[in-house]
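Structure, as C-alpha cells:
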Amino acid sequence: QVQLVESGGGSVQAGGSLRLSCVASGDTYRNMMGWFRQAPGKEREGVAAIYLTGGHKYYGDSVKGRFTISRDSGKTTVYLQMNSLKPEDTGTYYCAAGSFVPASDIKALTADKYRDWGQGTQVTVSS
C-alpha cells in the first residue's frame with residue numbers, strides 16, 4: 001500500500017496561484033499518480049495525472065492551460081501548479097496512486113483506476 005500526503009492547499013483570490021504537493025511512501029507498485037478534486041455536492045473530478053515512467057501528462061478540460069502536473073526525479077513527489085485560479089476550482093484536492101496504462105486521457109482521469117488515496121487538501125478561491 002502507498003501512503004500519500006498532500007499539502008499546499010489554502011485560500012486565494014481569483015487569478016492567484018497555489019502549488020500542491022503529494023509525497024508518496026510505502027509500496028512502490030505505482031506507475032500513475034493523479035490529482036482529483038471534489039466540491040460539495042459534486043462528483044469527484046479528475047484534474048491531472050502523470051505516467052511516472054514516461055512522464056506523459058493528462059489534464060481535464062477545465063484546467064488545461066492553467067494547471068501543470070509534475071514529479072520529482074525520484075518519483076516520490078508529485079506537484080500540481082495551479083495558476084489563474086477561478087472560484088469554480090474550489091474544492092478538496094486529493095492525490096491518488098495507481099498501476100495501469102491509460103488507454104485514453106479519460107481513463108487516466110478516472111477515479112476508480114486508482115487504488116490509493118490521500119486525505120485531501122482544501123483549496124478555496126474567492127471572487
Side-chain angles (χ1 to χ4, degrees):
Q1 189 173 2
V2 177
Q3 289 76 47
L4 303 170
V5 179
E6 305 100 334
S7 63
S11 297
V12 65
Q13 289 192 327
S17 298
L18 285 173
R19 189 193 197 205
L20 305 184
S21 299
C22 172
V23 178
S25 60
D27 196 342
T28 58
Y29 78 94
R30 64 197 179 280
N31 69 340
M32 286 290 297
M33 290 190 71
W35 286 98
F36 293 77
R37 68 187 180 190
Q38 189 164 20
K42 294 188 177 181
E43 292 186 357
R44 191 165 293 192
E45 174 190 8
V47 175
I50 186 167
Y51 187 54
L52 294 177
T53 304
H56 193 77
K57 302 174 183 180
Y58 309 82
Y59 295 97
D61 288 342
S62 63
V63 305
K64 284 180 181 176
R66 300 188 298 122
F67 290 12
T68 303
I69 190 170
S70 61
R71 57 166 168 77
D72 69 341
S73 58
K75 302 175 187 177
T76 58
T77 303
V78 173
Y79 306 97
L80 185 68
Q81 178 66 43
M82 306 186 295
N83 298 329
S84 301
L85 282 162
K86 304 175 181 180
E88 50 264 44
D89 294 318
T90 295
T92 302
Y93 283 68
Y94 298 91
C95 178
S99 179
F100 64 99
V101 178
S104 66
D105 289 19
I106 292 175
K107 293 293 186 184
L109 297 174
T110 299
D112 63 11
K113 292 290 188 181
Y114 292 80
R115 191 184 83 174
D116 295 295
W117 292 81
Q119 292 300 305
T121 185
Q122 179 66 33
V123 171
T124 302
V125 184
S126 58
S127 58

Between the side chain of [X] and the main-chain N/O of [Y], is any donor-acceptor distance below 3.5 Å?
| X | Y | answer |
| --- | --- | --- |
| Thr121 | Gly9 | yes |
| Ser104 | Lys107 | yes |
| Asp116 | Ala97 | no |
| Asp105 | Leu109 | no |
| Thr110 | Ile106 | yes |

Roughly how far, to the nearest 0.5 Å, is [atom2] of [Y] from [atom1] of [X]?
| X | Y | atom1 | atom2 | value |
| --- | --- | --- | --- | --- |
| Thr68 | Tyr79 | OG1 | OH | 14.0 Å |
| Arg30 | Gln1 | CZ | CD | 12.5 Å |
| Arg19 | Ser7 | CZ | OG | 9.5 Å |
| Asp89 | Arg66 | CG | CZ | 4.0 Å |
| Cys22 | Arg71 | SG | CZ | 14.0 Å |

Item to complete: Only counting residues at least two apart or in another chain, list the ones meeting salt bridge (Lys or Arg N to Asp or Glu O under 4.0 Å) with Lys64.
Response: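 Partners of Lys64 under the salt bridge (Lys or Arg N to Asp or Glu O under 4.0 Å) test: Asp61.
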To check you understand the geometry: which heavy-atom pair defines the closest contact between [X] and [Y], and what is its length?
| X | Y | value |
| --- | --- | --- |
| Ser126 | Pro87 | C-CG, 4.4 Å |
| Glu6 | Gly120 | OE1-N, 2.9 Å |
| Ser17 | Ser84 | OG-N, 4.3 Å |

Practice prompt. Step through the shown structure and confirm whether more than 12 heavy atoms of other residues, nucleotides or ligands are within 6.0 Å of CD on Gln3.
Written response: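 Check passes, neighbour count above 12.
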Worksheet entry | Charged tip of Arg44 within 45° of Tyr94 ring normal and under 6.0 Å |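 Yes, Arg44 sits over the ring of Tyr94.
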For residues [X] and [Y], is any side-chain donor paired with an opposing acceptor at under 3.5 Å?
| X | Y | value |
| --- | --- | --- |
| Asn31 | Thr53 | no |
| Gln122 | Thr92 | yes |
| Ser62 | Glu45 | yes |

Worksheet item: Would you say Ser99 and Arg115 make side-chain contact, with heavy atoms under 4.5 Å?
Response: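 Heavy-atom side-chain distance check fails, nothing below 4.5 Å.
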Discussion item. Tell me which pairs pass ring pair (Phe, Tyr, Trp, His ring centres under 6.0 Å) where either residue lies in residues 95-124, with sequence neighbours left out.
Written reply: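 Listed once each, the pairs are Phe36-Tyr114, Phe36-Trp117, Phe100-Tyr114.
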Worksheet item: Members other than Leu4 in its cluster, when Ile, Leu, Val, Met, Phe, Trp, Tyr link by side-chain heavy atoms under 4.5 Å?
Response: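 Leu4 shares its hydrophobic cluster with Val2, Val12, Leu18, Leu20, Tyr29, Met33, Trp35, Val47, Ile50, Leu52, Tyr59, Val63, Phe67, Ile69, Val78, Leu80, Met82, Leu85, Tyr93, Val123, Val125.
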